[in-house]
Amino acid sequence: MKRFILIIIFCSSCQNGQFQGFSDWFDAWKDYSVTYLASQSTDSYLTIQQRDDLLDLFEDLQGANTCRERQDLVEKNQTLKTFGRQYNFLRGYLFDILFNYDYETALLQINRSDEERVAFTVVNAWKTIASINEINRLIDQISKCYPKEYVD
């Protein structure tokens, strides 16, 4: 089994023409697997209402044109407010958490702080409807809107 996994990793790193189809298949399989795991994780940690609220937030953030709109959407989201009260987070904590956030690295992280667990839960919910690239683009937009009033 270990050899099979090593062969897959080796072949997926080959970028010449003959392995390109396999590499594309492997990337699609990896994305599907991560989506499935995110869905299972989301179902066990969130209520349906919270999940839907976070999915709506993702779509609204994608449609937002200004940083002020993004800040308002994040700060007024009921699920994020609930998490903030539950863990006694400061206002705008999601900006702190998502600043330079890397979802793929977070997948491998075993020990997480409360803030990191919440961010992982939020991004897992988003992963059920979006690709990692779409999520990373949105996080990059949010990071550019990092409000100065949240900096210590």
Side-chain angles (χ1 to χ4, degrees), residues 1-2 4-6 8-10 12-13 23-152:
M1 184 60 150
K2 290 179 185 178
F4 179 69
I5 292 172
L6 288 173
I8 289 176
I9 291 170
F10 173 75
S12 68
S13 65
S23 179
D24 292 344
W25 171 85
F26 183 74
D27 288 342
W29 176 80
K30 181 178 77 172
D31 194 57
Y32 172 79
S33 298
V34 171
T35 301
Y36 176 77
L37 293 172
S39 175
Q40 295 299 309
S41 174
T42 300
D43 289 347
S44 64
Y45 286 106
L46 298 173
T47 66
I48 292 171
Q49 182 180 5
Q50 289 173 325
R51 186 195 68 214
D52 291 345
D53 190 36
L54 292 175
L55 297 178
D56 290 343
L57 174 65
F58 182 82
E59 291 174 359
D60 291 343
L61 285 170
Q62 281 187 311
N65 295 319
T66 66
C67 286
R68 183 75 242 156
E69 285 179 82
R70 289 185 187 102
Q71 289 174 12
D72 287 344
L73 289 167
V74 166
E75 289 185 5
K76 293 178 182 175
N77 183 274
Q78 287 302 315
T79 301
L80 295 179
K81 283 183 180 181
T82 300
F83 290 152
R85 284 190 302 272
Q86 180 179 356
Y87 293 105
N88 199 26
F89 292 151
L90 299 174
R91 174 179 167 250
Y93 70 91
L94 191 66
F95 288 103
D96 287 328
I97 298 166
L98 292 182
F99 192 72
N100 294 324
Y101 187 80
D102 185 350
Y103 180 63
E104 291 179 276
T105 301
L107 286 171
L108 303 174
Q109 194 175 6
I110 296 173
N111 297 321
R112 296 183 180 105
S113 67
D114 288 340
E115 292 90 354
E116 291 167 334
R117 278 197 305 270
V118 168
F120 191 70
T121 301
V122 169
V123 176
N124 266 345
W126 293 350
K127 180 61 186 102
T128 62
I129 63 166
S131 71
I132 291 174
N133 289 335
E134 291 172 312
I135 292 169
N136 286 339
R137 275 194 300 275
L138 181 64
I139 289 173
D140 185 53
Q141 290 174 345
I142 291 171
S143 294
K144 289 176 183 172
C145 293
Y146 190 78
K148 289 185 176 33
E149 62 265 26
Y150 300 137
V151 178
D152 291 337

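Just the heavy atoms: all of them, side chains too, but no hydrogens, waters or symmetry mates, feed the values below. FYI, the numbering just counts along the sequence from 1.
Of the inter-residue distances, the one linking R51 atom CZ with T128 atom OG1 reads 6.5 Å to the nearest 0.5 angstrom. We find the CG-CG distance between L73 and L57 to be 6.5 Å, quoted to the nearest 0.5 Å. Note: I48 CD1 to D53 CG = 13.5 Å, rounded to the nearest 0.5 Å. Between atom CZ of residue F58 and atom NZ of residue K127 there is a gap of 10.0 Å, rounded to the nearest 0.5 Å. The structure places CG of D52 at 8.5 Å from OG1 of T47, a figure rounded to the nearest 0.5 Å. Atom-to-atom distance recorded for L54:CG and Q49:CD is 11.0 Å, nearest 0.5 angstrom.
The nearest pair of heavy atoms linking K81 to K76 is CE-CA, 3.9 Å. The minimum heavy-atom distance between L55 and A125, with the atom names listed, is CD2-O, 3.0 Å.
Looking only at side-chain heavy atoms (C-beta outward), L61 and V74 come within less than 4.5 Å of each other. The closest side-chain heavy-atom distance from W126 to V122 is below 4.5 Å. With contacts defined as side-chain heavy-atom distances shorter than 4.5 Å, the pair I129/E59 qualifies.
By the 30° and 60° cut-offs, the orientation of the rings of F89 relative to Y87 is parallel.
Applying the salt bridge (Lys or Arg N to Asp or Glu O under 4.0 Å) test to R70 and every residue at least two apart in sequence or in another chain returns nothing. Legend: residues meeting salt bridge (Lys or Arg N to Asp or Glu O under 4.0 Å) with D72, ordered by chain and number and at least two apart, are R68.
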